[in-house]
Engineer: 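Quick one: structure below, then a few questions.
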Amino acid sequence: KVCFEMRRVVLPRVQKGISDAHRTAAIRFRTKHASTEPHRGGSAGSGDYAPGQGQGTVARRCGSHLAAGGIITMNLYELRNVELERTARDYMYRLRIESLRIRAGEKIALIGPSGCGKSTALDLLALILRPSRAETFRLETSGGTEDVTELWRRDRQERMARIRLQHIGYVLQSGGLLPFLNGADNIAAPGRAKGLGNVEARIGELADRLGIAHLLGKLPDRLSIGERQRVAIARALLPEPELVLADEPTAALDPVTAGN
């Protein structure tokens, strides 16, 4: 079970092609204003959710670009007609994001059945996967506005890596920890690369909050899946990024730990 405090809920809708040899997952991002009370699964207060849903993924903007009266003014992401296609032998998969805007301060959950493209959508937002085509794909951070379509067209890999380091914290579904570093060094890696001070103090604070202090000296292969996820959460949060992307971050945790 995953507990999200949601202000807008995104509901992916899966469409299957006529031929069994082709499958298309078209995600039409329909937003719903949800209760700000913590809510488990589905869309808070609406009772409308995708069938077969399991865990969710969440994208959150942690910045404070708010106008007077608490009105959100800045679009962190703006996507229009962004597609990604994958083909293997006689199998074709296409993810299409018709329209998506995420504004500063919002918490967004992507909810849908397994295989509908939630993780793929997050990889696109994290500038990890190259879209097959995109009419509009913009990312706005404290560093300025980036035309992601143009960055991919010009193969600006180093620039995108710098954007991820400076502005994005990403919790992968599998944890994605470096196998040759212990828990503490995995958590510290982005902070050290970013040149932050007080990294060790920040590690201690996050370790206490997440209950992983006893895991800091262990390598990833000595950790359970749930323990790896908590270490990955700490790694994503340590540099205090403007944007946090999390792919089923508490899927392997018991309900009490997930709630905490």
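Side-chain atoms are counted along with the backbone in the values below, which use heavy atoms only and exclude waters and symmetry mates. Keep in mind that this is a model prediction, so the values were computed, not measured. Starting from 1, each residue takes its place in the sequence as its number.
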Engineer: Start with the C-alpha distance between Thr149 and Thr136, add both sets of side-chain angles, then the distance that settles side chain to side chain contact (heavy atoms under 4.5 Å, CB included), and finish with yes or no.
Structural biologist: CA-CA 7 Å; Thr149 305; Thr136 301; over 6 Å; no
Engineer: Apply the hydrophobic cluster definition, ILVMFWY joined by side-chain contacts under 4.5 Å directly or through others, and give me every member besides Ile225.
Structural biologist: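 Same cluster as Ile225: nobody, lone residue.
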Engineer: Taking atom CG of Leu129 and atom OG of Ser119, what is their separation to the nearest 0.5 Å?
Structural biologist: 10.0 Å
Engineer: Quick check: do Leu76 and Leu139 have side-chain heavy atoms less than 4.5 Å from each other?
Structural biologist: yes
Engineer: Distance check, rounded to the nearest 0.5 Å: Thr141 atom OG1 versus Leu243 atom CG?
Structural biologist: 9.5 Å
Engineer: First locate atom CG of Asn198, then atom CG of Leu238, and finally report the distance between them rounded to the nearest 0.5 Å.
Structural biologist: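 Nearest 0.5 Å value for the CG-CG distance: 10.5 Å.
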Engineer: Step by step, work out the side-chain hydrogen bond (donor to acceptor under 3.5 Å, both in side chains) result for Glu242 and Ser142.
Structural biologist: CA-CA 8 Å; Glu242 296 175 65; Ser142 59; 2.6 Å; yes
Engineer: From Glu158 CD over to Leu165 CG, what is the distance, rounded to the nearest 0.5 angstrom?
Structural biologist: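 The distance works out to 12.5 Å.
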Engineer: Report yes or no: does Tyr170 contribute a side-chain atom to a donor-acceptor pair with the main-chain N or O of Arg164 at less than 3.5 Å?
Structural biologist: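 No: the side chain of Tyr170 does not pair with the backbone of Arg164.
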Engineer: Can you give me the closest heavy-atom contact between Gly175 and Ala232, atom names plus distance?
Structural biologist: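 In this case the closest contact between Gly175 and Ala232 is O-CB, 3.5 Å.
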Engineer: Can any side-chain N or O of Gln229 pair as donor or acceptor with the backbone N or O of Glu248 at less than 3.5 Å?
Structural biologist: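 Here the side-chain-to-backbone pair exists.
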Engineer: Can a side-chain donor-acceptor contact be found between Asp155 and Gln157 if the only test is distance below 3.5 angstrom?
Structural biologist: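 Per modelled atom types, Gln157 and Asp155 side chains form a pair under 3.5 Å.
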Engineer: Is Asn81 close to Arg96 at the side-chain level, that is, under 4.5 Å between some pair of heavy atoms?
Structural biologist: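 Result yes, sub-4.5 Å side-chain heavy-atom pair found.
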Engineer: Is a donor on one side and an acceptor on the other found under 3.5 Å between the side chain of Lys118 and the backbone of Ile111?
Structural biologist: no
Engineer: Using atom types as modelled and distance alone, determine if a side-chain donor or acceptor of Gln166 lies under 3.5 Å from a backbone N or O of Ile163.
Structural biologist: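 Answer holds: no.
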Engineer: Under a 4.5 Å cut-off applied to non-hydrogen side-chain atoms, are Ile187 and Leu216 in contact?
Structural biologist: yes
Engineer: For the backbone of Val256 and the side chain of Asp254, can you confirm whether one donor and one acceptor N or O come within less than 3.5 Å of each other?
Structural biologist: yes
Engineer: Might you point out which heavy atoms bring Leu95 and Gly117 nearest each other, and give the distance in Å?
Structural biologist: CD2-O, 4.0 Å
Engineer: Using 0.5 Å steps for rounding, measure from the NE2 atom of His167 to the CZ atom of Arg162.
Structural biologist: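 It is 9.5 Å, given to the nearest 0.5 Å.
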Engineer: Give the intermediate values and the outcome of side chain to side chain contact (heavy atoms under 4.5 Å, CB included) for residues Asp147 and Phe137.
Structural biologist: CA-CA 6 Å; Asp147 186 337; Phe137 191 162; 5.6 Å; no
Engineer: Using links of under 4.5 Å between side-chain heavy atoms of ILVMFWY residues, direct or through other members, which residues join Leu181 in one cluster?
Structural biologist: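 Answer for Leu181: Leu178, Phe180.
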Engineer: Is any side-chain heavy atom of Pro241 closer than 4.5 Å to a side-chain heavy atom of Ile168?
Structural biologist: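 Not touching, per the 4.5 Å side-chain cut-off.
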Engineer: I'd like to know if Leu177 and Leu219 are part of one continuous hydrophobic network [Ile/Leu/Val/Met/Phe/Trp/Tyr, side-chain heavy atoms within less than 4.5 Å].
Structural biologist: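 No, it is not one cluster - the side chains of Leu219 and Leu177 are not joined through contacts under 4.5 Å.
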Engineer: Does any non-hydrogen side-chain atom of Leu215 lie less than 4.5 Å from one of Leu223?
Structural biologist: yes
Engineer: Where is the tightest heavy-atom contact between Leu210 and Ala234, given as atom of each residue plus distance?
Structural biologist: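 Between these two residues, the closest heavy atoms are CD1-CB, 3.6 Å.
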Engineer: Please list, chain by chain and in numerical order, all residues satisfying side-chain hydrogen bond (donor to acceptor under 3.5 Å, both in side chains) with Asn182, sequence neighbours excluded.
Structural biologist: none
Engineer: Out of curiosity, His214 NE2 to Ile212 CD1, how far, rounded to the nearest 0.5 Å?
Structural biologist: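 His214 atom NE2 to Ile212 atom CD1 measures 9.0 Å (nearest 0.5 Å).
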Engineer: How would you list, by chain and number, every residue that makes a side-chain hydrogen bond (donor to acceptor under 3.5 Å, both in side chains) with Arg133, sequence neighbours excluded?
Structural biologist: Glu83, Glu85
Engineer: Quick one: closest heavy-atom pair of Ala184 and Ile203, and the distance?
Structural biologist: O-CD1, 3.6 Å
Engineer: What pairs meet the salt bridge (Lys or Arg N to Asp or Glu O under 4.0 Å) rule with one or both residues in residues 217-235, with sequence neighbours excluded?
Structural biologist: none
Engineer: In chain order, what residues pass the salt bridge (charged side-chain N to carboxylate O under 4.0 Å, His left out) check against Asp185, with sequence neighbours excluded?
Structural biologist: Arg192
Engineer: Given Glu146, which of Arg156, Arg138, Arg159 fulfils the side-chain hydrogen bond (donor to acceptor under 3.5 Å, both in side chains) condition?
Structural biologist: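 Only one option passes, and that is Arg159.
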Engineer: Check the pair Leu237 / Val171 against side chain to side chain contact (heavy atoms under 4.5 Å, CB included), numbers first and verdict last.
Structural biologist: CA-CA 9 Å; Leu237 296 180; Val171 184; over 6 Å; no
Engineer: Quick one: do the Thr120 and Asp123 side chains pair a donor with an acceptor below 3.5 Å?
Structural biologist: no
Engineer: Could you tell me whether Arg202 and Glu200 make a salt bridge, using a distance below 4.0 angstrom between a side-chain N and a carboxylate O?
Structural biologist: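 No salt bridge links Arg202 with Glu200.
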Engineer: Please report the closest heavy-atom contact between Asn186 and Pro190, naming both atoms and the distance.
Structural biologist: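 The answer is O-CD, 3.7 Å.
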Engineer: Mind checking whether Leu124 and Pro131 have side chains closer than 4.5 Å, heavy atoms only?
Structural biologist: yes
Engineer: Determine whether a donor-acceptor pair (N or O, by modelled atom type, separation under 3.5 Å) exists between the side chain of Tyr77 and the backbone of Leu100.
Structural biologist: no
Engineer: Does some side-chain heavy atom of Leu196 sit less than 4.5 Å from a side-chain heavy atom of Pro239?
Structural biologist: yes
Engineer: Is there a side-chain contact between Val148 and Leu127 (heavy atoms, below 4.5 Å)?
Structural biologist: yes
Engineer: Looking at every heavy atom in both Val82 and Ala134, which two are closest together, and how far apart are they?
Structural biologist: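 Shortest heavy-atom separation between Val82 and Ala134 comes out as CG2-CB, 3.9 Å.
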Engineer: Assess the residue pair Leu125 and Leu79 against the criterion (side chain to side chain contact (heavy atoms under 4.5 Å, CB included)); give the C-alpha distance rounded to whole Å, side-chain angles, the decisive distance to 0.1 Å, and a yes or no.
Structural biologist: CA-CA 9 Å; Leu125 295 176; Leu79 283 72; 4.0 Å; yes
